[in-house]
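Reviewing the structure listed below.
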Amino acid sequence: MASIDMRGGRVAITGAAQGIGRGMAEAFASWGACVAVMDKHADRVEATTAALSVYPQVHFGAVMDVTDEGSVDAAVTAAWSALGGIDLLINNAGVLSVSPVAELKLEEWRRIMDVNTTGTFLMSRAMVRTLLAHKSGGSIVNIASIGGRRGDPGIAHYAASKFAVIGFTQALAREVAKDDILVNAVCPGVVDTPMIAELADKGQTSMAEWVKGQCIPRAQTPRDIAFAAAFLHCSRAVTGQAINVDGGTLFN
């Protein structure tokens, strides 16, 4: 697979210690960027940051919770200091569960919305405030989902959270474009991660079944998502967009 030159870039990624986030952290580090690994699991943050040490540039690990305002603000400040700035924030932290609406508990609805939607808001707000204070342009890429394009049975709560992320992306893009801050979203389809594999097992299906409806008959990889995020950051002419990276499941 082709590479991208991100030398000199400084990237902060939430949910970066596992799954898509860790794969993106490894991709950006391999392309030459300094990476801030942000996640709530201290042991995984330490392990991921250590794994990135094979690349010579500076990397930083921040244990934080995207649903906690103070934790978010402190992590962004610490990452900015450690890396000498942040050019690209990738709001990747997210949770997913499956439940029919009739059986969905209020606390689970709130959990999904709190992490996926409120977390994206809090991180984006902290990033925008910091960029404006430093009079520095940059990019925010929100990891949404094709579930934010189309509601499917069993994931009404997840779909609602990701539809909200796309709407938030569009509104924020209009607010901050004048400040050279670009805001976009990536909508993955079926990504080959342990979380998706576990959901497939619980649903007594398989990744192979899930990807049958795609034009490209394979699961996406975290590196595929990283390529899209890098493109949206590097283009400097695209904002307010939600790009499907789903193997051709949905066309927009």
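The figures that follow rest on heavy atoms only: side chains count, while hydrogens, waters and symmetry mates do not. Everything numeric here is computed off the predicted structure, so don't read it as measured data.
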Exercise: identify the closest heavy-atom pair between Ala75 and Met38: O-CE, 3.6 Å

Between CD on residue Glu46 and CG on residue Asp39, distance to nearest 0.5 Å: 13.0 Å

Non-hydrogen side-chain atoms of Ile143 and Ile90 separated by less than 4.5 Å: yes

Hydrophobic cluster identity match, Val141 and Val165, side-chain contacts under 4.5 Å: no

Contact check, side chains of Val98 and Ile155, non-hydrogen atoms, under 4.5 Å: yes

Polar contact flag, side-chain donor to acceptor under 3.5 angstrom, Asn244-Thr249: no

Spatial distance of atom CG (Leu122) from atom OG (Ser71) [nearest 0.5 Å]: 10.0 Å

Sequence neighbours excluded, every pair satisfying salt bridge (Lys or Arg N to Asp or Glu O under 4.0 Å) that has a member inside residues 62-81: Glu69-Arg125

Ring pair (Phe, Tyr, Trp, His ring centres under 6.0 Å) partners of residues 141-177, not counting sequence neighbours, each pair once: none

Check: Cys187 and Ile166 side chains under 4.5 Å, non-hydrogen atoms: yes

Non-hydrogen atoms of Val45 and Ala17 that approach each other most closely: N-CB, 3.7 Å

Backbone of Val95 reached by a side-chain donor or acceptor of Asn116 within 3.5 Å: yes

Pairs meeting criterion salt bridge (Lys or Arg N to Asp or Glu O under 4.0 Å) with involvement of residues 232-252, two or more places apart: Asp180-Arg236

Aromatic centroids of Tyr55 and Trp31 separated by under 6.0 Å: no

Interatomic distance, Ile13 atom CD1 to Ile20 atom CD1 [nearest 0.5 angstrom]: 11.5 Å

Residue list, ring pair (Phe, Tyr, Trp, His ring centres under 6.0 Å) with Trp109, at least two apart or on another chain: none

Taking every non-hydrogen atom, the tightest pair across Ser161 and Ile112: OG-CG2, 3.8 Å

Non-hydrogen side-chain atoms of Val66 and Val115 separated by less than 4.5 Å: yes

For Leu250, the rest of its hydrophobic cluster, which grows through side-chain links under 4.5 angstrom: Ile146

For Phe60, the rest of its hydrophobic cluster, which grows through side-chain links under 4.5 angstrom: Val58, Leu83

Any donor-acceptor N/O pair, Ser124 side chain to Phe121 backbone, under 3.5 Å: no

Set of residues satisfying side-chain hydrogen bond (donor to acceptor under 3.5 Å, both in side chains) with respect to Arg111, sequence neighbours excluded: Glu108

Closest contact, heavy atoms only, Val72 versus Ala126: CG1-CB, 3.9 Å

Exercise: do Asn142 and Thr120 side chains pair donor with acceptor under 3.5 Å: no

Salt bridge (Lys or Arg N to Asp or Glu O under 4.0 Å) pairs, two or more places apart, involving residues 130-156: Arg150-Asp152

For His41, all residues meeting ring pair (Phe, Tyr, Trp, His ring centres under 6.0 Å), sequence neighbours excluded: none

Atom pair OG/CD1 of Ser136 and Ile86 - distance to nearest 0.5 Å: 10.0 Å

Minimal non-hydrogen separation, Ala93 against Gly15, with atom names: CB-N, 3.8 Å

Pairs meeting criterion ring pair (Phe, Tyr, Trp, His ring centres under 6.0 Å) with involvement of residues 75-101, two or more places apart: Trp80-His134

Side chain to side chain, Val245 and Phe227, heavy atoms closer than 4.5 Å: no

Ile140 CD1 to Met123 CE distance, which is reported to the nearest 0.5 Å: 9.0 Å

Salt bridge (Lys or Arg N to Asp or Glu O under 4.0 Å) partners of residues 25-36, not counting sequence neighbours, each pair once: Arg22-Glu26

Leu52 vs Val37 side-chain heavy atoms within contact, under 4.5 Å: yes

Approximate separation, where rounding is to 0.5 Å, of Thr14 OG1 and Asn91 CG: 5.0 Å

Contact check, side chains of Val76 and Arg129, non-hydrogen atoms, under 4.5 Å: no

Partner residues of Asp179 under the side-chain hydrogen bond (donor to acceptor under 3.5 Å, both in side chains) criterion, sequence neighbours left out: none

